[in-house]
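To start, the structure itself, in C-alpha cells.
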Amino acid sequence: MRHLLSVTDLSVEELDELLKAAADIEEHPDLYAHRMEGKKLATLFFEPSTRTRLSFEAAMYELGGQVLGFAGANSSSAAKGESVKDTVRTVSCYADIIAMRHPLEGAPWAAVQSSTVPVINAGDGGHHHPTQTLADLMTLRKEKGRLDHLKIGLCGDLKFGRTVHSLIEALARYPGNEFILISPWELRVPAGIINELKEKNVAFREAESLEEEITSLDALYMTRIQQERFFSVEEYLRLKDSYILDEEKMRLAPKDMIVMHPLPRVNEIDVKVDRDERACYFKQVMYGKIMRKALILKLLSELDREEAPGPVKITTGKHCKNPRCISTTEQGLEPLFYPVHQVTVQGVPTRIPTKYFCAYCEMEQV
Ligand code: NCD
C-alpha cells in the first residue's frame, strides 16, 4: 500500500509518470471519467482549506468516484478528544483512500499507523504539502517547459510555509536548479532543509530584497505570511507586509518570469498583477485538480490500467452489423458500443476513437 506523506515518497520517475498522466487526463478527461466508480475518497480536514479539499473532491467526482468527510476539526470527534489514529482507523472502514490536513506536524505519519487505506498528506502544520507541489510542478512544466535548470525565487514566509518546503525538496532532485530564498531574517527556511541543500550540493542563496532578486528569476513563488503559525501577534503584525508584489516590481522582472503562489493570497500580490500574463497562480489551481486525479489513480493502482470505457449510446441510428446479435431482434434493447481509443500507429499508441465494438456480441463494427 502506498501513501503520500512527503514529496520524496515519490521517485523522480514517478513524478514524471504523474505529470505525463496529468497531461493525458487534461487532454482526454472522458477516458478517466469512470475509473473510480464504486470508490470513495475521505477528506479529513482538521484545518481550513478551499482549494486543496475542493480540488480533491472535484478530482474524485470527475473520476466517477464518491466523496465523504469533514471540513473542520469541530465537526468531527476530534472536538471530543479523539486521537488522529482512532479517527483514521474508523474512516478506513468507510473509504478507499484518505486525504487529510492537520495543524500538527507529522499527523499523517501517525495516521498511517492505523490506516488500512492509502493516506495523502494534504498539509501538516508548517511541515509538508506534497500535493501542492504536484500542482506547482505541473505549472512549471507547462509554463516554463522544464523542471531543471531553473532559477526559482521563493519569497515570504519560508519558515512556516509548508508548500515551500515540499517544493524545494522536489526541485532539488532535478539537475541545475538554483533557489533564491527571499525572506525576512526571522522567517528563513528551516535549518534542516538548508542542510539538505548543502549536502546535495544544490545551488541556493538566502536574500532579503525582492527588488534586487526579481530581475533574474525564471519563476517567483510568492507565499503568505502564515499568521496561524505565529506564537506572537506582535511578531506577525511586524512581519505581515514584508513583501508586496506589485506592478512596479513586475516591471523589474524578466519578460518570461512566471509568478506562482499556492493561494490564498492576503496582500502579498497586488490584484493588479493578476492582469499580467506572467501571473500563473490561478492556473496552478486548475493544474492542482488534474494532478490530484493522477495521484488518486496512482495510489489506487489504476493509473496503468488500460482504459475500459463503458458502452456508449451511438445517436446516429447505428445498429450492430452482426445479424446474429441479440441487439438486432430483442425488443427495447438499446444498441450500445464500446469505443476503442487506444490504437497503435507505427508502434506509437495514440488515442483516436477509431473502432467500435458491439457491447452485446463484441463484434467490431466496420
Ligand atoms: C497553502 C497551504 O495550505 O499550505 N494553501 C494551499 O493549500 N493551496 C498555502 C497557505 O495556506 O498559505
Side-chain angles (χ1 to χ4, degrees), residues 47-51 103 105 123 125-129 132-133 135-136 139-140 150-169 171-172 177-195 197 203-254 257-276 278-282 284-285:
E47 217 190 35
S49 169
T50 297
R51 274 151 292 271
E105 298 176 12
H127 192 207
H128 286 294
H129 195 345
Q132 179 61 45
T133 298
D136 300 341
T139 308
L140 285 165
L150 290 167
K151 188 170 176 186
I152 306 123
L154 297 124
C155 177
D157 187 345
L158 308 187
K159 179 180 181 185
F160 297 119
R162 54 192 173 197
T163 64
V164 166
H165 305 162
S166 294
L167 184 57
I168 293 176
E169 284 200 341
L171 287 176
N177 286 331
E178 181 185 354
F179 299 101
I180 309 298
L181 308 172
I182 309 159
S183 72
W185 184 84
E186 297 86 338
L187 299 178
R188 283 183 301 167
V189 171
I193 297 177
I194 294 289
N195 290 340
L197 291 178
F204 77 94
R205 193 154 50 74
E206 293 185 282
E208 272 193 87
S209 163
L210 176 57
E211 284 90 336
E212 278 172 28
E213 304 299 339
I214 201 170
T215 56
S216 65
L217 300 174
D218 293 312
L220 171 62
Y221 194 93
M222 292 297 294
T223 61
R224 166 179 79 88
I225 307 292
Q226 305 276 305
Q227 176 175 13
E228 66 275 34
R229 317 247 180 257
F230 278 68
F231 288 123
S232 132
V233 181
E234 293 74 40
E235 179 90 332
Y236 168 69
L237 293 175
R238 190 167 62 75
L239 295 170
K240 77 180 177 60
D241 292 328
S242 297
Y243 301 100
I244 297 175
L245 181 67
D246 54 16
E247 288 181 304
E248 201 182 317
K249 290 196 191 76
M250 285 302 286
R251 277 194 282 276
L252 303 172
M257 183 198 81
I258 62 164
V259 181
M260 298 168 70
H261 191 307
L263 302 180
R265 102 179 108 186
V266 184
N267 61 347
E268 57 281 348
I269 300 183
D270 188 319
V271 291
K272 292 199 190 103
V273 175
D274 298 1
R275 294 192 295 237
D276 193 307
R278 293 169 289 181
C280 287
Y281 26 93
F282 288 106
Q284 270 168 277
V285 174

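These values consider heavy atoms only, across backbone and side chains, with no hydrogens, waters or symmetry-generated copies.
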Steps toward side-chain contact (heavy atoms from CB on, under 4.5 Å) verdict (E206, I194): CA-CA 10 Å; E206 293 185 282; I194 294 289; 3.9 Å; yes
Any side-chain to backbone donor/acceptor pair from [X] onto [Y]? Under 3.5 Å, distance only.
X	Y	value
H127	F160	no
D218	I152	no
D157	Q226	yes
T163	H129	no
R188	S183	no
R278	P254	yes
H165	G126	yes

When you compare the side chain of [Y] with that of [X], does any pair of heavy atoms fall below 4.5 Å?
X	Y	value
Q284	Q132	yes
L245	I214	yes
L263	F282	yes
D274	Y281	yes
V259	D276	no

Full working for side-chain contact (heavy atoms from CB on, under 4.5 Å) between Y221 and I168: CA-CA 11 Å; Y221 194 93; I168 293 176; over 6 Å; no
Which heavy atom in [X] sits nearest to a heavy atom in [Y], and how many Å separate them?
X	Y	result
P262	M222	CD-O, 3.3 Å
Y243	C155	CG-SG, 3.5 Å
N177	L150	OD1-N, 2.8 Å

Donor-acceptor side-chain pairing of S216 and K151 below 3.5 angstrom: yes
Worked check of side-chain contact (heavy atoms from CB on, under 4.5 Å) between L220 and L210: CA-CA 10 Å; L220 171 62; L210 176 57; 3.9 Å; yes
E268: which of H261, K240, R224 passes side chain to side chain donor-acceptor pair (under 3.5 Å): H261
With a 4.0 Å cut-off on N to O distance, would you call [X] and [Y] a salt bridge?
X	Y	value
R275	E247	yes
R238	E235	yes
R205	E212	no

Could you state the interatomic distance from [atom1] ([X]) to [atom2] ([Y]), rounded to the nearest 0.5 Å?
X	Y	atom1	atom2	value
R162	L167	CZ	CG	14.5 Å
E211	E248	CD	CD	8.0 Å
S232	L237	OG	CG	8.0 Å
T223	L154	OG1	CG	8.0 Å
L140	T133	CG	OG1	10.5 Å
S242	L187	OG	CG	6.5 Å

Verdict with supporting geometry, L239 and F230, side-chain contact (heavy atoms from CB on, under 4.5 Å): CA-CA 11 Å; L239 295 170; F230 278 68; 3.9 Å; yes
